[in-house]
K.L.:
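Below are the structure tokens for one structure; questions will follow.
Whatever order the structure lists them in is the order used to number ligands and atoms, beginning at 1.
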Amino acid sequence: MKIKNICCIGAGYVGGPTMAVIAQKNPDIKVTVVDINAARIAAWNDKDLDKLPIYEPGLDKVVAEARNRNLFFSTDVDAAIEAADMIFISVNTPTKTYGQGKGMAADLKYIELCARQIAKVAKTDKIVVEKSTLPVRTAQAIKSILHNTGNGVKFQILSNPEFLAEGTAVQDLVAPDRVLIGGEQTKEGLEAIQALVDIYATWVPLENILTTNLWSSELSKLTANAFLAQRVSSINALSELCEVTGADVNEVAIAIGKDSRIGPKFLKASVGFGGSCFQKDILNLVYIAKSYGLNEVADYWEQVIIMNDYQKRRFGSKIIQTLYNTISGKKIAFLGWAFKKDTNDTRESAAIYVADQLMEEQANIAVYDPKVTAQQMQSDLNYLNTRPEDDNESQLTAEHDPYEACKDAHAVAVLTEWDEFKTYNWQKIYDEMKKPAFVFDGRGILDKSSLETIGFQVYAIGK
Ligand code: NAD
Ligand code: UDX
């Protein structure tokens with residue numbers, strides 16, 4: 001079975017880059033990415049590549065090559081579904097904010113809507129691919145919705161979770177550690193798996209394409225994220241121990257990471273992990289474990305989140321304590337608002353929580369982030385919903401210039417590890433700040449001793 005026409009529902013951080021690379025590598029396949037968010041689709045179609053709705057290094061080049069050749073962005077969901085022989089579902093699966101499982105389970109309403117729309121519109125057989133991260137056994141529900149339409153169309157469901165990380169999406173897609181494809185272990189299921197393998201095989205070596213049953217694939221995605229987040233929480237737990245014992249967390253990370261059984265990656269102590277995936281996926285894993293009555297399993301993974309919440313709060317408290325336990329009316333500069341460097345995504349960013357904690361103490365915050373808009377910062381704070389919107393607007397301002405953000409501040413806090421922060425003229429920043437001038441490095445990216453030579457008082461996580 002050779003796929004000629006792909007539709008992807010959801011033009012977000014996953015759907016956009018993933019389909020751009022699939023289209024770039026398969027010029028003979030027509031790929032249409034659809035979304036109900038018309039503004040997002042318009043931005044994907046913007047001639048000015050700086051206006052793409054998501055920032056990812058290298059993405060503009062891939063889009064420029066494939067767009068309007070065999071890559072299209074559209075709001076006409078029905079037409080794209082009808083024309084496709086393979087449909088990727090790449091919609092968001094956030095944590096539920098209501099009802100049963102509130103605050104833990106994945107909200108599958110967008111997934112179910114997609115399945116119902118496919119069921120309604122499809123007139124020819126389709127392969128439906130779960131690209132979104134889903135609780136194990138979701139394919140069962142999708143199958144049940146699709147198969148009960150009674151219009152004779154045959155569907156095969158595959159699970160093909162995405163492992164890209166934001167900020168390195170293009171690189172991760174072009175050279176993935178592995179591609180995972182799960183499907184039914186029947187003749188038709190295996191044929192569907194092969195059709196998707198053939199698409200990836202145009203650029204991914206076959207030994208890096210793993211095929212499994214549906215449930216292994218769905219569960220592997222949730223647990224891969226849980227394992228990664230667990231490493232961050234483990235090193236963050238050690239960061240506090242380092243601070244009280246005189247050990248240096250960076251030295252400890254290098255020493256333990258040199259053990260080939262442990263490995264060097266994902267051992268960077270920080271103000272806490274953020275992003276749209278880790279917290280949501282672990283909470284979902286905890287919920288699934290609880291729903292099977294596996295309480296010890298649930299508690300084990302929940303501790304990763306508890307540690308992360310503690311780390312964010314600990315950083316905020318450190319700022320408050322160091323500034324003589326009173327920050328009311330003081331200006332504090334934030335360098336970085338995104339949840340990591342090289343992305344404009346702010347979902348679950350530690351900066352939001354630290355800002356909220358400091359604003360609760362009536363501090364004034366001035367933020368500089370190279371890629372995040374003032375409007376986005378306000379909407380992140382308003383989403384937390386801890387104080388009136390007017391208060392958020394008067395207490396937090398976004399600056400276009402980092403030096404302006406730091407001018408007259410009592411402290412500078414580094415919340416995102418953007419490379420440019422390391423190259424700033426820190427002497428100039430010092431000269432223009434209130435004294436004593438403090439730096440709180442939540443990402444461990446600045447050279448502590450050279451800042452101290454300038455005159456700063458420096459706190460760096462884990463030192
Ligand atoms: P996103 O919010 O950036 O994008 C989802 C898009 O789907 C939105 O633009 C939304 O308008 C659209 N959408 C929702 N319902 C729709 C419908 N019925 N019809 C058409 N469009 C619809 O989300 P994302 O970050 O791309 O994540 C998507 C999925 O991929 C999630 O399940 C997530 O867990 C998973 N994932 C994300 C990442 C990541 O780094 N962001 C990595 C791997 C996996
Ligand atoms: C993650 C997974 O890495 C990816 O495989 C999955 O597909 C989606 O979720 P993402 O959330 O985009 O990707 O970024 P990631 O690089 O994993 O970083 C997550 C958070 O952990 C960031 O806030 C980052 O700053 C933090 N982090 C990461 C650390 O604090 N220390 C580390 O050593 C690594």
Side-chain angles (χ1 to χ4, degrees), residues 7-19 33-41 43-44 53-54 56 73-78 80-81 88-95 106-118 130-135 138 160-169 172-173 176-178 221-222 224-229 231-236 239 249 253 257 264-282 284 308 311-312 336 338-343 345-351 415-417 442-444 461:
C7 158
C8 172
I9 310 180
Y13 282 87
V14 168
T18 309
M19 292 303 128
V33 191
V34 292
D35 205 296
I36 41 176
N37 181 339
R40 212 168 209 189
I41 291 296
W44 279 113
I54 67 176
E56 276 293 339
F73 295 93
S74 162
T75 50
D76 193 345
V77 181
D78 285 357
I81 291 176
F88 287 80
I89 303 182
S90 256
V91 300
N92 35 332
T93 49
T95 305
D107 191 342
L108 298 180
K109 71 178 171 203
Y110 306 110
I111 296 287
E112 177 162 347
L113 275 172
C114 288
R116 289 191 183 277
Q117 194 155 3
I118 295 168
E130 300 173 345
K131 184 51 108 179
S132 299
T133 303
L134 297 171
T138 304
N160 171 223
E162 185 48 60
F163 292 98
L164 69 79
E166 289 177 28
T168 52
D172 295 341
L173 286 164
D177 284 352
R178 77 328 209 158
K221 174 62 201 185
L222 281 188
N225 274 350
F227 266 70
L228 289 168
R231 280 175 74 94
V232 179
S233 275
S234 297
I235 198 73
N236 282 345
S239 71
V249 76
K265 294 181 183 165
F266 259 69
L267 285 178
K268 183 86 199 124
S270 68
V271 55
F273 61 73
S276 62
C277 294
F278 280 179
Q279 174 164 307
K280 153 178 95 67
D281 292 347
I282 295 172
N284 190 200
N308 196 51
Q311 187 77 345
K312 291 182 272 190
F339 81 97
K340 63 187 282 195
K341 72 173 179 179
D342 292 338
T343 179
D345 196 351
T346 63
R347 289 177 286 183
E348 289 301 328
S349 179
L415 275 305
T416 312
E417 71 279 24
R443 292 290 179 169
I461 290 247

K.L.:
Is any side-chain heavy atom of P135 closer than 4.5 Å to a side-chain heavy atom of L108?
P.N.:
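Side-chain contact under 4.5 Å: yes.
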
K.L.:
Is there any N or O on L164 that sits under 3.5 Å from an N or O of ligand 2?
P.N.:
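L164 vs ligand 2: N/O contact under 3.5 Å present.
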
K.L.:
Can you check whether V91's main-chain N or O pairs, donor with acceptor, with S132's side chain at less than 3.5 Å?
P.N.:
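Between the backbone of V91 and the side chain of S132 there is a qualifying donor-acceptor contact (under 3.5 Å).
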
K.L.:
Looking at atom 19 (C) of ligand 2, what's its closest protein heavy atom, distance included?
P.N.:
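Of the protein heavy atoms, F278 CE1, 3.6 Å lies nearest.
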
K.L.:
Any N/O of F163 closer than 3.5 Å to an N/O of ligand 2?
P.N.:
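N/O-N/O distance under 3.5 Å: yes.
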
K.L.:
Atoms of ligand 2 less than 4.0 Å from V232 heavy atoms?
P.N.:
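Checking each atom against V232, I get 27 (N), 28 (C), 29 (C), 30 (O), 31 (N), 32 (C), 34 (C).
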
K.L.:
Considering only heavy atoms from C-beta outward, does the side chain of P94 approach that of Y110 to under 4.5 Å?
P.N.:
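A side-chain contact exists here, since the closest heavy-atom pair is under 4.5 Å.
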
K.L.:
Give me the residue, atom name and distance of the protein heavy atom closest to atom 17 (C) of ligand 1.
P.N.:
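Answer, as residue, atom name and distance: I36 CD1, 3.9 Å.
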
K.L.:
Can you tell if the side chain of S90 reaches within under 4.5 Å of the side chain of T18, non-hydrogen atoms only?
P.N.:
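Result no, sub-4.5 Å side-chain heavy-atom pair not found.
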
K.L.:
Could you identify the single nearest non-hydrogen protein atom to atom 44 (C) of ligand 1 and state the distance to 0.1 Å?
P.N.:
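Going by distance alone, atom 44 (C) of ligand 1 is nearest to T133 OG1, 3.4 Å.
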
K.L.:
Can a donor-acceptor pair be found, under 3.5 Å and without considering hydrogens, that links the side chain of R347 to the backbone of G275?
P.N.:
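Not confirmed, R347 side chain does not pair with G275 backbone.
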
K.L.:
Looking at NZ of K341 and OG1 of T416, how far apart are the two atoms once the value is rounded to the nearest 0.5 Å?
P.N.:
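These two atoms lie 11.5 Å from each other.
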
K.L.:
Going by the order shown, which atoms of ligand 1 are within less than 4.0 Å of some heavy atom of E162?
P.N.:
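In order of numbering, the contacting atoms are 43 (C), 44 (C).
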
K.L.:
Which protein heavy atom lies closest to atom 30 (O) of ligand 2, and at what distance to 0.1 Å?
P.N.:
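Ranking protein heavy atoms by distance from atom 30 (O) of ligand 2, first comes S270 OG, 2.6 Å.
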
K.L.:
Okay, side chain of T93, backbone of A106: is any donor-acceptor separation there less than 3.5 Å?
P.N.:
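Answer holds: no.
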
K.L.:
Could you find the nearest protein heavy atom to atom 13 (N) of ligand 1 and give me its residue, atom name and distance?
P.N.:
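Checked against all protein heavy atoms, atom 13 (N) of ligand 1 sits closest to V91 CG1, 3.6 Å.
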
K.L.:
Is S90 touching ligand 1 with its side chain, its backbone, both, or neither, if touching means heavy atoms under 4.0 Å apart?
P.N.:
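Only the backbone of S90 comes within reach of ligand 1.
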
K.L.:
Contact between ligand 2 and E348 is defined here as a heavy atom of the residue under 4.0 Å from a ligand atom; is it met?
P.N.:
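E348: no contact with ligand 2 (<4.0 Å).
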
K.L.:
Geometry only, no angles: is G274 polar-contacting ligand 2 at N/O separations under 3.5 Å?
P.N.:
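Yes, at least one N or O pair falls under 3.5 Å.
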
K.L.:
Does T133 reach the side chain of F163, with side-chain heavy atoms less than 4.5 Å apart?
P.N.:
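No, side chains not in contact.
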
K.L.:
Rounded at 0.5 Å granularity, tell me how far CG in L267 sits from CG in N236.
P.N.:
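Between atom CG of L267 and atom CG of N236 there are 10.5 Å.
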
K.L.:
Hey, which atoms in ligand 2 end up nearer than 4.0 Å to a heavy atom of C277?
P.N.:
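Heavy-atom distances to C277 below 4.0 Å select 8 (C), 9 (O).
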
K.L.:
Show the atoms of ligand 1 that are less than 4.0 angstrom away from any heavy atom in K280.
P.N.:
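Here the atoms of ligand 1 in question are 33 (C), 34 (O).
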
K.L.:
Has Q311 got a side-chain atom pairing as donor or acceptor with V271's backbone, closer than 3.5 angstrom?
P.N.:
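Here the side-chain-to-backbone pair does not exist.
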
K.L.:
Among all protein non-hydrogen atoms, which one is nearest to atom 31 (C) of ligand 1, and what is the separation to 0.1 Å?
P.N.:
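Answer, as residue, atom name and distance: T93 OG1, 3.5 Å.
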
K.L.:
In Å and rounded to the nearest 0.5 Å, what is the CD to CG distance from E417 to D342?
P.N.:
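Here the rounded value is 8.0 Å.
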
K.L.:
Tell me: protein heavy atom nearest atom 7 (O) of ligand 1, and distance?
P.N.:
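Here the nearest protein heavy atom works out to G10 CA, 3.4 Å.
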
K.L.:
Among all protein non-hydrogen atoms, which one is nearest to atom 3 (O) of ligand 2, and what is the separation to 0.1 Å?
P.N.:
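Nearest protein contact, heavy atoms only, for atom 3 (O) of ligand 2 is L228 CD1, 3.7 Å.
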
K.L.:
Distance under 4.0 Å to a non-hydrogen atom of S276: what atoms of ligand 1 satisfy this?
P.N.:
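It comes down to these atoms of ligand 1: 41 (N).
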
K.L.:
Please write down residue, atom name and distance for the protein heavy atom closest to atom 14 (O) of ligand 2.
P.N.:
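The closest one turns out to be K340 NZ, 3.3 Å.
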
K.L.:
Less than 4.5 Å apart, side chain to side chain, heavy atoms only: is that true for E162 and L173?
P.N.:
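With C-beta onward as the side chain, the pair touches.
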
K.L.:
For ligand 1, which is the ligand I care about here, please tell me if R347 has any N or O atom under 3.5 Å from one of the ligand's N or O atoms.
P.N.:
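Looking only at distances, the answer is yes, because the N/O contact criterion of under 3.5 Å is met.
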
K.L.:
I'd like to check I9 versus I118 (side-chain heavy atoms, cut-off strictly below 4.5 Å). Are they in contact?
P.N.:
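A side-chain contact under 4.5 Å exists here.
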
K.L.:
Around atom 1 (P) of ligand 1, find the nearest protein heavy atom and jot down its residue, atom name and distance.
P.N.:
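Here the nearest protein heavy atom works out to R40 NH1, 3.7 Å.
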
K.L.:
Just go through N37, D35, D345 and tell me whose heavy atom is the nearest to atom 9 (O) of ligand 1.
P.N.:
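When every heavy atom of N37, D35, D345 is considered, D35 comes closest to atom 9 (O) of ligand 1.
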
K.L.:
Return yes when R443 approaches ligand 2 closer than 4.0 angstrom through a heavy atom, no otherwise.
P.N.:
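R443 counts as a contact of ligand 2 under the 4.0 Å cut-off.
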
K.L.:
So if I count the atoms of ligand 2 from 1 in the order they appear, which ones are less than 4.0 Å from some heavy atom of E162?
P.N.:
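With E162 as reference, the close atoms of ligand 2 come out as 7 (O).
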
K.L.:
Looking only at heavy atoms, is any part of K280 under 4.0 Å from ligand 2, and if so is it the side chain, the backbone, or both, or is it neither?
P.N.:
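Under 4.0 Å from ligand 2, K280 contributes no heavy atoms.
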
K.L.:
Ignoring hydrogens and angles, tell me if any N or O in the side chain of W44 forms a donor-acceptor pair with the backbone of G16 under 3.5 Å.
P.N.:
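No: the side chain of W44 does not pair with the backbone of G16.
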
K.L.:
For atom 6 (C) of ligand 2, what is the closest protein heavy atom, and at what distance to 0.1 Å?
P.N.:
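The closest one turns out to be K221 NZ, 3.2 Å.
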
K.L.:
To the nearest 0.5 angstrom, please state how far the CG atom of D78 sits from the CD atom of Q117.
P.N.:
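Atom-to-atom, D78:CG and Q117:CD are 5.0 Å apart.
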
K.L.:
Are the side chains of Y13 and T343 in touch, meaning some heavy atoms are under 4.5 Å apart?
P.N.:
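Counting from C-beta outward, Y13 and T343 do come under 4.5 Å.
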
K.L.:
Atoms of ligand 1 less than 4.0 Å from E166 heavy atoms?
P.N.:
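In order of numbering, the contacting atoms are 39 (C), 40 (O), 41 (N).
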
K.L.:
To the nearest 0.1 Å, how far is atom 28 (C) of ligand 2 from its closest protein heavy atom, and which atom is that?
P.N.:
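Closest protein heavy atom to atom 28 (C) of ligand 2: F266 CE2, 3.6 Å.
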
K.L.:
Geometry only, no angles: is F339 polar-contacting ligand 2 at N/O separations under 3.5 Å?
P.N.:
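Yes: some nitrogen or oxygen of F339 is under 3.5 Å from one in ligand 2.
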
K.L.:
Which of the atoms of ligand 1 are close to K221, meaning less than 4.0 Å from one of its heavy atoms?
P.N.:
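What qualifies from ligand 1 is 43 (C).
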
K.L.:
Taking N or O atoms only and a 3.5 Å limit, does S276 qualify as a polar contact for ligand 2?
P.N.:
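No.
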
K.L.:
Within the distance-only criterion (no hydrogens, no angle test), does the side chain of K340 pair as donor or acceptor with the backbone N or O of E166 below 3.5 angstrom?
P.N.:
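It does hold such a pair.
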
K.L.:
With heavy-atom distances below 4.5 Å as the criterion, would you say the side chains of I89 and E130 are in contact?
P.N.:
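A side-chain contact under 4.5 Å is absent here.
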
K.L.:
Donor-acceptor check, side chain of S74 to backbone of D76, threshold 3.5 angstrom: yes or no?
P.N.:
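It does hold such a pair.
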
K.L.:
Counting from 1, what ligand 1 atoms have a heavy atom of I9 closer than 4.0 Å?
P.N.:
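So the answer, numbered in order with elements, is 19 (N), 20 (C), 21 (N).
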
K.L.:
Do side-chain atoms of D281 reach the backbone of N225 as a donor and acceptor pair under 3.5 angstrom?
P.N.:
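Absent.
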
K.L.:
For atom 36 (N) of ligand 1, what is the nearest protein heavy atom, given as residue, atom name and distance?
P.N.:
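Of every protein heavy atom, V14 CG2, 3.4 Å lies nearest to atom 36 (N) of ligand 1.
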
K.L.:
In Å and rounded to the nearest 0.5 Å, what is the CG to CG distance from D107 to N92?
P.N.:
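Going from CG on D107 over to CG on N92, the span is 9.0 Å.
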
K.L.:
Look at atom 21 (O) of ligand 2 and say which protein heavy atom is nearest, naming residue and atom and giving the distance to 0.1 Å.
P.N.:
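The protein heavy atom lying closest is F273 CB, 3.2 Å.
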
K.L.:
Looking at L267, which atoms of ligand 2 are within less than 4.0 Å of one of its heavy atoms?
P.N.:
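Going through ligand 2 atom by atom, the ones under 4.0 Å from L267 are 33 (O).
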
K.L.:
What residue and atom, counting heavy atoms only, is the protein's closest point to atom 18 (N) of ligand 1, and at what distance?
P.N.:
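Checking every protein heavy atom, the shortest distance to atom 18 (N) of ligand 1 gives C114 SG, 3.9 Å.
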
K.L.:
Measure the distance from atom 31 (N) of ligand 2 to every protein heavy atom, then report the residue, atom name and distance (to 0.1 Å) of the closest one.
P.N.:
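So the nearest neighbour among protein heavy atoms is K268 O, 2.8 Å.
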
